[in-house]
Amino acid sequence: MPPPLLRTLLPLLPLTTPVLAHSHLSHILINGQLYHGFDPRPNQSNTASRVGWWTSATDDGFVTPANYTHPDIICHRDGTSPAAHAPVRAGDRIHVQWNGWPVGHVGPVLTYFAGCAGLEGSEAGCTGVDKRELRWTKVDDSEPVLEFVEGAGINGGVPGQRWASDVLIAANNSWQVEVPRGLATGPYVLRNEVIALHYAAEEDGAQNYPLCMNLWVEGEEGGMELDGFEATEFYKEDDPGVWLNVSAGLKSYVVPGPTVAAGATPVPYAEQTISLFEAEGTPVVVLRGTETAPFSGGASPTAEPRARGRYDRS
Ligand SMILES: *[C@@H]1O[C@H](CO)[C@@H](O)[C@H](O)[C@H]1NC(C)=O
Ligand SMILES: *[C@@H]1O[C@H](CO)[C@@H](O)[C@H](O)[C@H]1NC(C)=O
Ligand SMILES: *[C@@H]1O[C@H](CO)[C@@H](O)[C@H](O)[C@H]1NC(C)=O
Ligand SMILES: CC(=O)N[C@H]1CO[C@H](CO)[C@@H](O)[C@@H]1O
Ligand SMILES: [Cu+2]
């Protein structure tokens with residue numbers, strides 16, 4: 001870990017806005033139904049029926065490029081699956097709600113799916129699966145990611161630039177994701193990740209926020225199975241989209257990681273809007289194969305590991 005950069009880099013942040021702690025996914029909405037994420041901050045009460053993965057990121061923080069080959073990049077630090085899955089149909093839109101997004105933390109918003117069916121331990125859906133066995137398919141890379149605009153930075157971001165993260169902030173810190181049409185029925189993990197680039201001019205300065213949620217997709221018999229990449233192979237420390245100075249007259253941006261799968265339909269910027277909450281949804285647990293039952297709250301997720309030391313940067 002390099003020494004704290006806060007003192008030298010603080011002027012990059014707008015002075016009028018408080019420096020927020022970073023963020024996590026508070027919930028997802030599917031057709032107005034709310035499913036809870038996991039709040040990693042100390043002293044939060046997290047419901048057993050949450051579909052968000054447990055993490056030890058009690059500082060609401062991130063994973064850095066030095067850890068791109070470490071399992072922490074899969075579903076954040078010590079990421080551990082919950083018992084419940086949010087039911088959704090192939091082709092539905094999922095509204096992914098971040099718990100705020102700090103101004104100036106500019107970068108791409110990336111979305112991946114991994115299927116759990118067929119993996120060892122998948123009798124209970126994604127819950128008992130070894131996360132290192134997950135193979136991820138990118139379904140959205142938030143194109144065009146970076147647009148050049150007149151004037152001051154949007155939302156206090158970099159002057160002359162509008163990033164996907166600024167679009168996310170404008171939509172009340174949320175992102176819409178379409179579940180690929182034609183997907184096979186079964187349990188999946190949704191991985192929504194923002195890569196914040198405000199310190200990325202420094203080696204190991206990018207900040208990845210990879211957050212996971214369990215889904216139960218009602219798709220098609222004999223639908224498309226996903227086969228993708230290991231998350232520990234997505235990025236390299238010196239990728240041009242990871243190690244770059246966003247303030248040094250950037251002319252273009254190269255999105256890191258795999259390309260978006262053919263057939264996936266990212267939701268365009270114009271449709272990245274707030275979605276209204278109507279009711280609490282009932283998550284399901286997977287009984288076996290393609291059979292599910294409403295989550296009753298009884299089943300306890302796998303033992304949750306103890307939090308370890310905090311990362312030291314904001
Ligand atoms: C919050 O949790 C910490 C330990 O994580 C504990 O020391 C503290 O007393 C708790 N605060 C409240 C208000 O419960
Ligand atoms: C905006 O986001 C916050 C969480 O950051 C959420 O509590 C609130 O309900 C959202 N507002 C709307 C209208 O969706
Ligand atoms: C990034 O670019 C800006 C503008 O050229 C410069 O002031 C700053 O020192 C650069 N940062 C680093 C870490 O090189
Ligand atoms: C290369 C590297 O920095 N690996 C780190 C990834 O995260 C774990 C857990 O915090 C560290 O122990 C490793 O050193
Ligand atoms: Cu931050």
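All ligand and atom numbering here is 1-based and tracks the order in the structure. Side chains included, hydrogens not; waters and symmetry mates left out as well; all remaining heavy atoms used.
- With contacts defined as side-chain heavy-atom distances shorter than 4.5 Å, the pair Pro258/Phe234 qualifies.
- Judged purely by distance below 3.5 Å, without hydrogens or angles, the side chains of Asp204 and Thr64 pair a donor atom with an acceptor atom.
- Contact atoms of ligand 3 toward Glu202: 13 (C) (distance under 4.0 Å to a heavy atom of the residue).
- For the Cu ion (ligand 5), the nearest N, O or S atom contributed by His22 is named ND1.
- Distances between N or O atoms of Asn245 and those of ligand 3 include at least one value under 3.5 Å.
- In summary, Asp92 and Arg89 engage in a salt bridge, as defined by a charged side-chain N under 4.0 Å from a carboxylate O.
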Side chains of residues 112-125: which donor-acceptor partners sit under 3.5 Å, not counting sequence neighbours?
{"unit_1": "Tyr112", "atom_1": "OH", "unit_2": "Tyr235", "atom_2": "OH", "d": "2.7"}
{"unit_1": "Ser122", "atom_1": "OG", "unit_2": "Gly118", "atom_2": "N", "d": "3.4"}
{"unit_1": "Ser122", "atom_1": "OG", "unit_2": "Leu119", "atom_2": "O", "d": "2.7"}

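- Ligand 2 lies under 4.0 Å from heavy atoms of Gln97, Trp98, Asn99, Gly100, Asn172, Ile274, Ser275.
- Partners of Trp163 according to the ring-ring contact (aromatic ring centres under 6.0 Å, His included) rule, which considers only residues two or more places apart in sequence or in another chain, are Tyr253.
- Under the 4.0 Å criterion applied to side-chain N and carboxylate O atoms, Lys131 and Glu133 are not assigned as salt-bridge partners.
- Every side-chain hydrogen bond (donor to acceptor under 3.5 Å, both in side chains) that Thr265 has, sequence neighbours left out, goes to Glu178.
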